2 protein chains.
Amino acid sequence: MNKKLIPEIIVTRLPVYLRCLQRMLQEGKSVTSSQELGERVGISAAQIRKDLSQFGEFGKQGRGYQIEFLRKQIEEILHIDHEWEIAVVGAGDIGSAVAQYRGFIDRGFKVKMIFDNKPEKINQQIGVFYIQDSANMKEAIREADIKVAMICVPAEAAQEVANQLVAAGVKAILNYAPINISVPKSVRVQYIDPSIHLQNMTYYLE
Amino acid sequence: MNKKLIPEIIVTRLPVYLRCLQRMLQEGKSVTSSQELGERVGISAAQIRKDLSQFGEFGKQGRGYQIEFLRKQIEEILHIDHEWEIAVVGAGDIGSAVAQYRGFIDRGFKVKMIFDNKPEKINQQIGVFYIQDSANMKEAIREADIKVAMICVPAEAAQEVANQLVAAGVKAILNYAPINISVPKSVRVQYIDPSIHLQNMTYYLE
DNA sequence: TAGATTGTTAATCGATTAACAATC
DNA sequence: TAGATTGTTAATCGATTAACAATC
């Protein structure tokens, strides 16, 4: 649908705009401007207008943006106008927390299954899920046609898990393991590592 | 110590280099090159050399980099040559997981205290910690001279918590609440929101 | 209409890459 | 010495900002 090649950096900002718009709606607002949105997300008004203009004309001169309309547009652009099912791999502290995370609701995602390879964890219950045996992972993910997964296993196991996920047809991986993984170019990877974020800030401290 | 103004984007890459170097050491390697490091972290060799050259000359022509030496240098640059104590605010699923996270070990951080404002949580035990009353947070953080904190409360409460942390002398905040917060320029903020990362990838899917 | 704010262009600014002399 | 790889320069590439005509 979006034929034009959009710079990645712009795509990374859209979810931030979206999150703010959803919040504005919750606050009962119905209209905003690039200036107001910019102040709230910490990005210049000019950049917001430029970013949005890559995808269409969503505002009206002199009036600003209808929040509900803009929200819907960005959801479509990001393909979260429907819900994506997620597989979680690894049922340790992180995997368990992520599997039960309530922050996916209304953001376009729903955890559907969770795997672990430790015999004592298999068939244990986490929230509404029963932990499944990693041995059946590839089959189960392919069967359910799941395209999004989160890796919550130790660093040593992350690459092997990634390989299996790719083989199962997964196209987007959010990796909580503190290690870079290699995947085919057709698969997307994002990383969450709190230590990285913290180290980033301590540079400026003291 | 580092007087020269370093572009932020370079600072964000140093922790990634560091993480990879630590891993290499675990694998028993002792020397690497900008090319090898680049392949492993997905960054060009030229960029890695340019980034490092901002801080000094850490390699030898024809030989590459001594991993142990380079690791130590980057740790000093990032000020993680000593351990930073962390306060966690919010003892829900995320706060509990983060307070017990083993991934801070050897990365320069140590969770020291956790707070919540729900009466039924106060004094409950999480790992080795007892949840403290948020009412005493400002005092306790100031008393312990803690400079780094993580916000794990609902979006609605995040700004107020941030205000209190700033008042307590905190200078670096890792915010897990899905909302942008405002702090003085002297305080650093980083964000972790899995939905943002996922939405970022779904743009490219389908 | 007058005021406000968009969408867009041109100018600026900054980051990445390619290439190579220096040197281990 | 010959080969390898750094640190650095210059060229390229891309992103951000400022400004304003268009228009609601």
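On a predicted model such as this, the values are computed, not experimentally measured, just so you know.
Minimum heavy-atom separation, F115(A) to M137(A): CE2-CA, 3.6 Å. Between V89(A) and V153(A), the closest heavy-atom pair is O-CG1, 3.5 Å.
The stretch residues 85-96 of chain B participates, sequence neighbours left out, in these side-chain hydrogen bond (donor to acceptor under 3.5 Å, both in side chains) pairs: E85(B)-K112(B).
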With B for base contact, S for sugar-phosphate-only contact and - for none (protein heavy atoms under 4.0 Å), nucleotides 12-21 of chain C reads ---SBBBB--

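Partners of Q73(A) by side chain to side chain contact (heavy atoms under 4.5 Å, CB included), not counting sequence neighbours, listed by chain and number: F58(A), F69(A). Listed by chain and number, the residues in a side chain to side chain contact (heavy atoms under 4.5 Å, CB included) with K29(A) are M24(A), E27(A), E36(A), R40(A), I67(A) (sequence neighbours excluded). Residues passing the ring-ring contact (aromatic ring centres under 6.0 Å, His included) test with Y204(A), sequence neighbours excluded: none. Listed by chain and residue number, nothing satisfies the side-chain hydrogen bond (donor to acceptor under 3.5 Å, both in side chains) test with R188(B) (two or more places apart in sequence, or in another chain). Partners of S44(A) according to the side chain to side chain contact (heavy atoms under 4.5 Å, CB included) rule, which considers only residues two or more places apart in sequence or in another chain, are A46(A), Q47(A). Partners of D133(B) under the side chain to side chain contact (heavy atoms under 4.5 Å, CB included) rule, at least two apart in sequence or in another chain, are I122(B), A135(B), N136(B). Residues meeting the side-chain hydrogen bond (donor to acceptor under 3.5 Å, both in side chains) test with N163(B), sequence neighbours left out: Q159(B). Partners of N200(B) under the side-chain hydrogen bond (donor to acceptor under 3.5 Å, both in side chains) rule, at least two apart in sequence or in another chain, do not exist in this structure.
F58(A) places its CZ atom 17 Å from the P atom of dC24(D), with the value rounded to the nearest Å. Atom OH of Y65(A) and atom P of dA4(C) are 18 Å apart (whole Å). One atom, CD of E57(A), and another, C1' of dT8(C), lie 10 Å apart when rounded to the nearest Å. In this entry the distance linking CD of Q54(A) with C1' of dT9(C) reads 13 Å, nearest Å. Regarding F55(B), its CZ atom lies at a distance of 14 Å from the P atom of dT8(D), rounded to whole Å.
Residues from residues 25-41 of chain B lying near DNA chain D, meaning a heavy-atom separation below 4.0 Å, are S33(B), S34(B) in numerical order.
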Its dot-bracket string being built from Watson-Crick and G-U pairs below 3.5 Å, with | for another strand and [ ] for crossing, DNA chain D has the pattern ..||||||||||||||||||||||

